[in-house]
2 protein chains.
Amino acid sequence: MNNRAALEERHTGAPRTRQTVTIKHVAAEAGVSLQTVSRVINNGPNVTPVVRERVQAAVAKLGYFPNLAARRLGGSRSYLLMALNDREPTVAGWREGRGNDWIDQMLLGGMLTCAEHGYRMIFELVDSHSDKMVDQIQAALSALRPDGVILTPPHTENAAIADILLRNGVPFARLGSRTEGEGLSIAMNDALAAATAVDHLAELGHKRIGFITGSRDYLASIDRLAGYRGAMDRHGLFDPALVAEGDFGYASAVQAFETLSAIQSPPTAIIASSGEMALAVLAMARKLDIPVPEALSIVSFDDTPTVRMSAPPLTAIHQPIAGMTSLAAEMLIQIKDGRSDLSSGQILPFEFVVRGSTGPCRS
Amino acid sequence: MNNRAALEERHTGAPRTRQTVTIKHVAAEAGVSLQTVSRVINNGPNVTPVVRERVQAAVAKLGYFPNLAARRLGGSRSYLLMALNDREPTVAGWREGRGNDWIDQMLLGGMLTCAEHGYRMIFELVDSHSDKMVDQIQAALSALRPDGVILTPPHTENAAIADILLRNGVPFARLGSRTEGEGLSIAMNDALAAATAVDHLAELGHKRIGFITGSRDYLASIDRLAGYRGAMDRHGLFDPALVAEGDFGYASAVQAFETLSAIQSPPTAIIASSGEMALAVLAMARKLDIPVPEALSIVSFDDTPTVRMSAPPLTAIHQPIAGMTSLAAEMLIQIKDGRSDLSSGQILPFEFVVRGSTGPCRS
DNA sequence: CTGTTAGCGCATTCAC
DNA sequence: GTGAATGCGCTAACAG
């Protein structure tokens, strides 16, 4: 026994007792060829029920489970889907304790759907703003050879990423993108969501409804603003002074809040393009003793745990992140399966959740 | 071209242009044997610097990245670590929008450390309370053949899990467990943390310090209670009526709060064994118009995003979850490497973060 | 419907 | 210090 084996044994406290059960053992046990076992495992055709059952019995008896690496090497699929996210903001969210609802919801939707199909989702972080990004992605693709890749904003619209995926022949889904282009696009209707928020506030009697935009790098920001603008026009309420620029982050919303507070006739309601920005507005209101929702209504464009648990809990647009990821996984797996009953350009419904941060206009 | 290939091509929009670069191509390019390339890639010995550089140049030129599946199949390692979590509570946390700070911090610590070593962390959910649990774990082990497994509470103390890991010869780390036993144990000092909370409150003049326990299934709950008890005794403040039972969940803390409020001389401060329970106490206080921290101080035993963002933000014990996971990954990889400068039974420091929910006792 | 053959890309073992 | 042979566990292509 070599050194490493000894060390491993020491750390596991016992010699290997369970030696690997392979397809070979199953074949011997069932008295069939390797290929037949493979067929049964993969639900292939051309196996008589009798043989199938005999093989399945052998599988169960021996406790056989196929080895992913071998399947990948021999066959044409890896049973792996890769979810790509931007490293810097993702890590920052975790590290600074802000949480990362988008990631959590992706895991929820992606992992469960993958599991249903015998797939696994591997979560991969890349440095989007580095020139090494393409290399990092190529390395991950070469190492893992995933059967599909799930892209999230802002990668969604990134041409370099689409290009390398294309060159590698890997199907991919772009979450949160309604643009035409390569890859499956799966999104929600951001404009409609913004309009819904406006309608809700207008119904409560608000005339001065402020809007804090998201980062311009995100197409969704543009859509949200357009939806807001359209709805405000429809109600005859639009005023450019009611729009302040933000970047999804807390600090930018503090700034935006101050801008909006300083105008001639300040808003009695504010729609913030992210959860963090909505929380910033709430914090500012608290600081200035502005009661919410009595003197100021707030709508958040994310329905994160902190948004739900704030005081008061915020009225929010609940984006179907888990649903989009789940659908993406489903579709990518279908492509590998050679089926494709689902078409690209999917739009999933959002939910508008009314909570304590919006109320009748009293001024 | 078969059906599936055509479908994939349609969905990727282009034929494969980048065909796989293997070690073979690199060997040809560098004019050496496969084996030499393998040595260079794995930083093996017995390669002259000249040859090494020639190979590295070829690798860079061709854009070669090793294929994980092939490495695993040919060699003795998978470059995979598996993090095991309980499905039901994990999914519930995501689904109900409560968030899942433990998971987030694990990802932070585990993924980054794995990445540093060319490893990947695969996140796996198992049904701990099902009789299929062992089969699920065996299936995951057989499929992935991870080089190590990271266990979290309450799996940490589960004998069936340790047993199957042992039988598969897979090294593992138990997070949040200070007990002796198989596998590496990495934990924090829960008792000391509870004592620190008591000391903090006692210094603020509190005499009636309540404690809400966590679920008994978790060893940490016992430790926390013991630490509380010890510190209270030390200050001469212990009273069994000040301890109420909880199970980490919101509802249980509402109940516990009512119990504590009903005693002869109710607590002026409460230590809750989880973030959710602390938030429940805060919500109850708000509901009953009990000002925090003026009339009631609150300490949380988790430092989650919602705990930080509440009003007021809660004083909390920050557990080193990312650090524990990172250390676990580091140690497991070292075992595979045949090195082991680190020993089992690691205790990592926690942080006690004072925020707005604790203040001087005024009664 | 079933079995045989070949090979995926790499690390390991042994020659040289 | 380097190269050649062997096989990991499985699926694909073909033969029967």
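Residue numbers begin at 1 in each chain, while the letters A, B, ... track the order of the sequences. All of these numbers come straight from a predicted model, not from anything done at the bench.
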Would you please say whether a donor-acceptor pair under 3.5 Å links the side chains of B:Thr90 and B:Asn85? no

Within the 3.5 Å criterion, strictly below it, is a donor on B:Thr156 or B:Ser177 matched to an acceptor on the partner's side chain? no

Across nucleotides 4-11 of chain C, 5' to 3', mark each nucleotide with B, S or - according to how protein heavy atoms within less than 4.0 Å reach it. B--BBBBS

Heavy-atom contacts under 4.0 Å between residues 136-144 of chain B and DNA chain C, which residues? none

Would you verify whether the NZ or CZ of B:Arg71 falls within 45 degrees of the ring axis of B:Tyr79 while also being under 6.0 Å from that six-membered ring's centre? yes

Value in whole Å for how far the C1' atom of D:dT11 lies from NZ of A:Lys336: 13 Å

Distance check needed: D:dG1 C1' versus B:Arg54 CZ, whole Å only. 13 Å

Please collect all side chain to side chain donor-acceptor pair (under 3.5 Å) contacts where either partner lies in residues 47-61 of chain B, sequence neighbours excluded, each pair once. B:Glu29-B:Lys61

N/O donor-acceptor pair under 3.5 Å between A:Gln138 side chain and A:Ile164 backbone: no

State, with a plain yes or no, whether a side-chain heavy atom of A:Ile103 is found less than 4.5 Å away from one of A:Trp94. yes

Please examine the side chains of B:Leu80 and B:Tyr119, heavy atoms only from C-beta on, and report whether any two atoms are closer than 4.5 Å. no

Please walk me through it: do B:Arg72 and A:Leu73 pass side chain to side chain contact (heavy atoms under 4.5 Å, CB included)? CA-CA 10 Å; B:Arg72 156 67 226 166; A:Leu73 210 53; over 6 Å; no

